[in-house]
Amino acid sequence: MDRFAEILSGPHLDLLIVGTRVTLYMAVLSYLLAFVMGNVLAAARVSPIPVLQRAAMAYVSVFRNTPLIVLAFLFWYGGGRAGWPFGRLTTAIIVLGLYTGAYIAESLRSGINAVPPGQAEAARAIGLPFTGVVGTIVLPQAIRTVIPPLGNLWIANLKNSSVFLVIGIDELTRAGRRIGHALADYTSAFIVVALIYLALVYGSAQLIKLIERRLEIAR
Amino acid sequence: MSTVIVEELGPRGLRRARIATVLSLVALAAFVGWLLWRLAAQGQFEGRLWAQFVDFESQWPQFLLSGLWGTVRAAVGAMVIAAVLGLFLALGRLSPTTPVRVVCGVVIDVFRGPPVLLMIFFAYYALPQILPSGLAGAISREPLYALVIGLAAYNTAVLAEIYRAGILSLDRGQSEAAYSVGMTRGLAMRQVILPQALRRMIPAIVAQLATLTKDTALGYIITVSDDLMGRGRRTVQGSPINDLQTWFVVAVIYFILVWALTRLARRLEVQQRQKLGAGAMAVTGEAELDMLEEGAAEASRAEG
């Protein structure tokens, strides 16, 4: 117990606080980028334009089937040799956003496709224009079905941010390693870090459930 | 392919679609062209930077590719351990004995909550401080063990949830019928439920294997040297300075491996759906599992 008191005081506590803050900062910004990417890609996937469908499909496939750490190296070290203009943290946020964006695109697409075709047909039959079909009939239903997967992706995104300690980001997992090294007690340090992650994940899950319940419609 | 939103296009729509096709082709070509031009301007296409990867005399391609064996070994090792332990954890999670159920539930949540990288770090840094020196030495000498242990710990919890979802997705009538002919709980589980449930889970398990294979790349951080990433590190450290080329080649190898697994999972899932109808498992990977608490029960209700 002394050990935990030691971790939760003085410079070690500062490391944990900064680490948590950096992790959350990365998670939020990269998720915003991912959300924008996901929308653009999903729109391309459901568009009637084959070129855009193919391009979005290729993007999703590449980013989903390549390890995140390899992507980080490709952009940070590889790009670093070829004029990549961004710093560490910005690079981390961009790479994580591009990665999670591919997953968000898939969730959004399946959400849109899960709306029964009869809904859109009925909307067209009563004469709604394209924007009306999409904006008032399809999307409101699709959004409800994609809230849980989008929430899960927020959590996955938060957890994946740990990978970027490899390009020198001082996030939560790295803080744990530094504290463990300083105290020569990795076990206690990682237990504390794990508890912080669990709190973040659990808190997120509760929040997502709340949003889900708010948006629920009686069927 | 028609989607929900877009109906069959009329003459005007077709014309618009054609214009959009041309415009997006131009935009895409411009982007790719600009990217290639930038890379070329930085000298990234010079032959000497790429020569290593096709020069089979120099052994570099073989050296890099043989790392694939280390990656596959780590992935298969972790998967086998996780598949066995995960099953026990899932059965414990579904146990009628409250303490067993609660403990297994907590274990699953605790192992699945933090990032997999933290599990790998725990195995690499913390375990040697806890374990007797013989085992500790083994991990310190061979970080691959730590990688396998970390991946196995995390994936045991993930697979336990997949198993549980599969078991819960079965119609209640199956277990009721088994009990009514006098089978005990254990016998019904072994003879009736698991054989059906396991078959339903195969697509999800293969999909998780793809995720796990991607995660083996994290071994780089704990200095695993005999896998693809370790070989990549050695290539980068040599001359010429070809970070971009090396990680590109490594990325392509990983992509092929993981893409093949993903595709296999997808195909198995489609087969499964055709065979089972609407009741097929829709769990395709860990991302979908994160809030399974109500999910499994809901899914079987909604889809059944």
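Quick note on labels: first sequence line is chain A, next is B, and so on, each numbered from 1.
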Can the ring centroids of A:W84 and A:F75 be said to lie less than 6.0 angstrom from one another?
-> yes
State whether the number of non-hydrogen atoms from other residues, nucleotides or ligands found under 6.0 Å of B:F248 atom CZ is greater than 12.
->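 No, CZ of B:F248 has 12 or fewer neighbouring heavy atoms, counting only those of other groups under 6.0 Å.
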Flag if over 12 foreign heavy atoms under 6.0 Å of CZ, B:R233 |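 Count over threshold, so yes.
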Are A:Y197 and A:T173 close enough that a side-chain donor and a side-chain acceptor fall under 3.5 Å?
->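 Present: a donor and an acceptor within the cut-off.
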When you check the side-chain N and O atoms of A:D185 and A:S188, is any donor under 3.5 Å from an acceptor?
->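 Side chains of A:D185 and A:S188: pair found under 3.5 Å.
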Please flag which part of [X] lies under 4.5 Å from any non-hydrogen atom of chain A: side chain, backbone, both or neither.
{"X": "B:V110", "value": "both"}
{"X": "B:T21", "value": "both"}
{"X": "B:M229", "value": "side chain"}
{"X": "B:R38", "value": "side chain"}
{"X": "B:A251", "value": "both"}

Side-chain donor or acceptor of A:N157 paired with backbone N/O of A:A27 under 3.5 Å =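 Yes: the side chain of A:N157 pairs with the backbone of A:A27.
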With a 4.5 Å cut-off on heavy-atom pairs, point out which of [options] contacts chain A the most.
{"options": "B:I130, B:L261, B:I221, B:I256", "value": "B:I221"}
{"options": "B:G232, B:A27, B:A17, B:G113", "value": "B:G113"}
{"options": "B:L39, B:V250, B:I241", "value": "B:I241"}
{"options": "B:Q129, B:Q44, B:Q245", "value": "B:Q129"}
{"options": "B:L257, B:T262, B:V258", "value": "B:V258"}

Under the 6.0 Å and 45° cation-pi test, does A:R177 pair with A:Y186?
->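 No; the conditions do not both hold, so A:R177 does not lie above the ring face of A:Y186.
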May I ask you to establish whether B:R112 and B:Y154 are in a cation-pi arrangement, using a distance under 6.0 Å from NZ or CZ to the six-membered ring centre and at most 45° from the ring axis?
-> no
Given the options [options], which has more heavy-atom pairs under 4.5 Å with chain B than any of the others?
{"options": "A:S61, A:A55, A:A189", "value": "A:S61"}
{"options": "A:L158, A:L74, A:I196, A:V163", "value": "A:L74"}
{"options": "A:A184, A:P50, A:G79", "value": "A:A184"}

Is it true that A:E106 and A:R109 have a side-chain N and a carboxylate O under 4.0 angstrom from each other?
->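 Salt bridge present between A:E106 and A:R109.
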Answer yes or no: is there an ion pair linking A:E121 with A:R124, defined by an N-O contact shorter than 4.0 Å?
-> no
Relative to chain B, which segment of A:I137 carries a heavy atom at a distance below 4.5 Å: side chain, backbone, both, or neither?
->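 No part of A:I137 comes within 4.5 Å of chain B.
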Side chain, backbone, both or neither: which part of A:L198 has an atom under 4.5 Å from a heavy atom of chain B?
->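 Side chain only.
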